[in-house]
Q: 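Can you keep this structure in mind? I'll have questions shortly.
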Amino acid sequence: MSITPRFLSYVKGTSVVHRLDPRTKIVFILSSIIYISLSDSFEVLLPLTFFSLLFYVSARIPLKEASRTWKFLLLVILVFSGFNLVFLTLLEHEESPPVIEFYGIQITERILYRAILPLLKLLTLGITTLTVVFTTDPSRFAPAIAKLGLPYKLTYVVDLAFRYIPIFFKEMETTLHAQMARGYKPKGGRNPVSRILSIVPLIVPVSINATLSIYDIADSMALRAFGSRKKHTWYRTLELQGRDYIIIAFSIFLLSFILLYKFGILNI
Amino acid sequence: MGERSQFSVTAIVAMGIGTALYAVFTIFFNILQIPGTQLVAVRPSVAIPMFFGFLFGPLVGFISGCFGNIIADAVSWGGFWWNWDVGNGLMGMIPGIAYYIIKEKEELTSGKSIILAIVLAIIGAVIGMAFAAYTDYIFGYGISTLEEATTILFIPAAATDAVNGAILTPILVAAYGSAVKGRGRG
């Protein structure tokens, strides 16, 4: 039985989005989250949905690399959330004027704003974050966060986490094989649920081993004087280019626009 | 139990290891969606940030839960939701209260420590998931009424996380207590 993550997401490429500085992507994603959170109508949200799609298309991610993640995301957003929202809105039995009608199905104003708008918000957020996850090498996040001004100790947490994730996947596999050698029979086969449930017995041994190793790692870092200085330099250097400034300016525009709109200074 | 500072080298490493561990297990458990809910998965792995909070303090628990959830959601779904990340952080932070009560490693296997792990895991799950579910309603992330937030988000998420946390956190605490008995540190 092999343990490997089924949708690890970074896809190598040379597109303009791939070449963007990770700081730019973080700024764009944060401003998009605020914009989506504060938008309360289609007129306000749709332009960002359009830009998010443009952002995704510019990344030129091959469909075969992204299809598994897309299928899952669309299933969760459109099927699970969509059905929940539409049915719950219909169950409330509140009168609302129909806005669109096709093949006898009426979309009322209430369904539009209480079911379809939240779905569009989820979809827009999904498109933006998916693009960033697909186009950013995980090892570039830590220096980017550091350059954004986060204390380097906290940045090192991100760096350590990304470094140890593959190690712990390997550790899980080793522990599983060790338990199988002692007679443990994990449920395999084609059922994905039973395959995942067979991982539960690994939580305690893998976590305890990992926790015991913390002191050894901390000692070796302390011996190399980690934390003795207030500043820290990074092996990977980052430099903002012209395209980064354009996206950062756009992010600032998004933020200013939504704040002015929300405080009633700008009317649509 | 080692250095007792929230920003010591040990705490920084614990945050990194806790984040990685929580992310690694959660990537798998994210697939176990509860039918009729919205993105709520059964996650036995919630015990990891709770355990790290219990052992290394509230800040370590918070960072492990928050950052671990960001990475796991980003890897398995290609996206993340800030309020659920903070909710997961709170789940790890609240068991961190034990850090100020249990001061000796010998106490980790005591009855007091086990009961504390169960109670704090349940409180952590309830507070953390309440924050996540009701902020979904406040910001309109696919949720339009308070009843919806309660029935399809808060109750399934808090109940499953509380049960998983209440079972696995004391097991992890006791197992760690037994493992470090006789060790010079830990």
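We name chains A, B, ... by the order of the sequence lines, and we start the count at 1 in each one.
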Q: Under 4.5 Å, counting heavy-atom pairs only, tell me which of A/S213, A/S39, A/A210 racks up the most with chain B.
A: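 Between A/S213, A/S39, A/A210, the count favours A/A210.
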
Q: Please flag which part of B/I48 lies under 4.5 Å from any non-hydrogen atom of chain A: side chain, backbone, both or neither.
A: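 Side chain only.
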
Q: Roughly how far, to the nearest 0.5 Å, is CD1 of A/I208 from OG1 of A/T175?
A: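 Reported value, rounded in 0.5 Å steps: 12.0 Å.
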
Q: So which of B/V42, B/I17, B/I171, B/T19 has the largest heavy-atom pair count under 4.5 angstrom toward chain A?
A: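 The answer is B/I17.
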
Q: Return yes if some donor-acceptor pair links the side-chain N/O of B/T135 with the main-chain N/O of B/A132 below 3.5 Å, else return no.
A: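 Here the side-chain-to-backbone pair exists.
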
Q: Look at B/F25, B/F67, B/F29 and state which one has the largest set of heavy-atom pairs under 4.5 Å with chain A.
A: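 Top count of heavy-atom pairs under 4.5 Å with chain A: B/F25.
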
Q: Report yes or no: does A/K153 contribute a side-chain atom to a donor-acceptor pair with the main-chain N or O of B/V9 at less than 3.5 Å?
A: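 Not a single qualifying donor-acceptor pair exists.
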
Q: In terms of heavy-atom proximity below 4.5 Å to chain A, should B/A23 be classed as side chain, backbone, both, or neither?
A: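 For B/A23, the side chain is the part near chain A, not the backbone.
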
Q: In terms of heavy-atom pairs under 4.5 Å, which option from A/T211, A/I217, A/V200 contacts chain B the most?
A: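 Highest number of pairs under 4.5 Å: A/T211.
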
Q: Partners of A/F168 by ring-ring contact (aromatic ring centres under 6.0 Å, His included), sequence neighbours excluded?
A: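 Result, ring-ring contact (aromatic ring centres under 6.0 Å, His included) vs A/F168: A/Y164.
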
Q: Answer with side chain, backbone, both or neither: which region of B/Y22 has an atom nearer than 4.5 Å to a non-hydrogen atom of chain A?
A: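 For B/Y22, neither part sits under 4.5 Å from chain A.
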
Q: Short question: side chain of B/S113, backbone of B/L108 - any donor-acceptor pair under 3.5 Å?
A: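 It does hold such a pair.
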
Q: Is it the side chain or the backbone of B/L168 that comes within 4.5 Å of chain A heavy atoms, both, or neither?
A: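 Contact with chain A is through the side chain of B/L168 alone.
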
Q: Does any backbone or side-chain atom of A/L120 lie under 4.5 Å from a heavy atom of chain B? Answer side chain, backbone, both or neither.
A: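 Answer is neither: A/L120 stays 4.5 Å or more from chain B.
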
Q: Is it true that a side-chain atom of A/E65 and a backbone atom of A/P62 form a donor plus acceptor pair closer than 3.5 Å?
A: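 Not at all, since once roles are kept as given, no pair shorter than 3.5 Å links the two residues.
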
Q: Please classify the contact of B/I63 with chain A as side chain, backbone, both or neither, using a heavy-atom distance under 4.5 Å.
A: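 For B/I63, the side chain is the part near chain A, not the backbone.
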
Q: Check the side chains of A/T124 and A/S52 for a donor-acceptor pair under 3.5 angstrom, ignoring hydrogens and angles.
A: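 Short answer, no.
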
Q: Closer than 3.5 angstrom, by distance alone: can the side chain of A/K121 be matched with the main-chain N or O of A/D40 as a donor-acceptor pair?
A: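 Here the side-chain-to-backbone pair does not exist.
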
Q: Considering only heavy atoms, which portion of A/F162 lies under 4.5 Å from any heavy atom of chain B: side chain, backbone, both, or neither?
A: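 Contact with chain B is through the side chain of A/F162 alone.
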
